[in-house]
Amino acid sequence: MSKVSIGLRGWRFDEDEIFTGDEELKPLDEIPEEPRERLLRLVALVEEPCDVCYLEHGEGEVHRCNQAEIVYGEPKGEVLLCPEHEPDFIYWFREEDGSEYTGDLEFGDRFHEWVAAGNEAPEGYGSVEHVEEDPDGLPDLPDQQDIQERVEQGFEGKRIDILELAGQTDDEEELNEDDLANSDVDLSTDYPSNR
């Protein structure tokens, strides 16, 4: 069973869990939960900027940021990096106790805080060597529209009763205008008041 990265390096998938024998992406309901969650998250991340570049330049100059090529961490707590800033992450992870946040959703936040405090890897600190045997041999990652269509495929939906969720039932009595008039509620007051 071989492992592959899709869209961004870092997260690796077992080929037989996500691809059919014809090298097409399996239907989402046939992909195990963890790889499916990562795959769905990748769709949203694949064109995002490097986190370190973004922290340096900000939203106003996002055009100056390198596009992320690498992802580390767990979905929704991940770190996105360009090759230039990967050594900063590796240094933080190995030398600054970043590894203690492995598997934690705060993983990305802790790295971002470290970078925002002005930290970086020492000059010449090495990176991870990524081996790409056949990067063009993998099918393209589906776009967000394709993923949405796959999620909705065969989904009939379920009606949710909001009153039931709120703990109310149909047999409870509703308030009427007379009940309100006889209550201590002052409807002429602008709430919240400055009392």
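Because the structure is predicted, anything quoted here is derived from the model rather than measured.
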Query raised in the report: So Trp114 and Asp109, side-chain contact (heavy atoms from CB on, under 4.5 Å) or not? Walk me through it.
Result: CA-CA 9 Å; Trp114 183 80; Asp109 291 340; over 6 Å; no
Query raised in the report: Passes side-chain contact (heavy atoms from CB on, under 4.5 Å), Asn119 versus Glu96? Steps please.
Result: CA-CA 10 Å; Asn119 297 300; Glu96 297 289 328; over 6 Å; no
Query raised in the report: Could you walk me through whether Ile18 and Lys26 pass the side-chain contact (heavy atoms from CB on, under 4.5 Å) check?
Result: CA-CA 6 Å; Ile18 61 170; Lys26 287 182 176 181; 5.8 Å; no
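Here the NE2-CG distance, from His85 to Leu81, works out to 9.0 Å after rounding to the nearest 0.5 Å. Here the OH-CD1 distance, from Tyr72 to Ile90, works out to 4.0 Å after rounding to the nearest 0.5 Å. In this structure, the separation between SG on Cys65 and CG on Leu80 is 11.5 Å, given to the nearest 0.5 Å. Rounded to the nearest 0.5 angstrom, Glu84 CD and Glu69 CD are separated by 11.0 Å. For the atom pair Glu37 CD and Glu74 CD, the distance stands at 8.0 Å (nearest 0.5 Å). Rounded to the nearest 0.5 angstrom, Leu25 CG and Leu39 CG are separated by 5.5 Å.
Considering only heavy atoms from C-beta on, Glu24 stays 4.5 Å or farther from Phe19 through its side chain. You'll find the side chain of Arg9 reaches within 4.5 Å of the side chain of Pro83, heavy atoms only. Using a 4.5 Å heavy-atom threshold, the side chains of Cys53 and Asn66 count as touching. Using a 4.5 Å heavy-atom cutoff, the side chains of His112 and Leu55 are in contact.
Remark: the Glu48 side chain and the Tyr54 side chain contain no N/O donor-acceptor pair separated by less than 3.5 Å. Side-chain contact of Tyr125 with Glu120: a donor-acceptor pair under 3.5 Å is absent, judged by distance alone.
A salt bridge does not link Arg110 to Glu100: none of the charged nitrogens lies less than 4.0 Å from a carboxylate oxygen. Between Lys3 and Glu15, none of the side-chain N atoms (NZ, or NE/NH1/NH2) sits under 4.0 Å from a carboxylate O, so this pair counts as no salt bridge.
When all heavy atoms are compared, the tightest approach of Pro87 to Ala121 is O-CB, 3.5 Å.
Using cut-offs of 30° and 60° for the angle between ring planes, the Phe93 and Phe107 rings count as perpendicular.
With Phe89 as the fixed residue, the side-chain contact (heavy atoms from CB on, under 4.5 Å) test singles out one of Val79, Val52, Asp51: Val79.
Under a 3.5 Å cut-off, the side chain of Trp11 and the backbone N or O of Gly73 do form a donor-acceptor pair. A donor-acceptor pair under 3.5 Å is formed between the side chain of Asp104 and the backbone N or O of Glu106. Looking at Lys76, its side chain never comes within 3.5 Å of a backbone N or O of Arg41 through a donor-acceptor pair. The main-chain N or O of Leu28 is found under 3.5 Å from a side-chain atom of Arg36 such that the two form a donor-acceptor pair.
No more than 12 heavy atoms of other residues, nucleotides or ligands lie within 6.0 Å of CD in Glu47, so this atom counts as exposed by the packing criterion.
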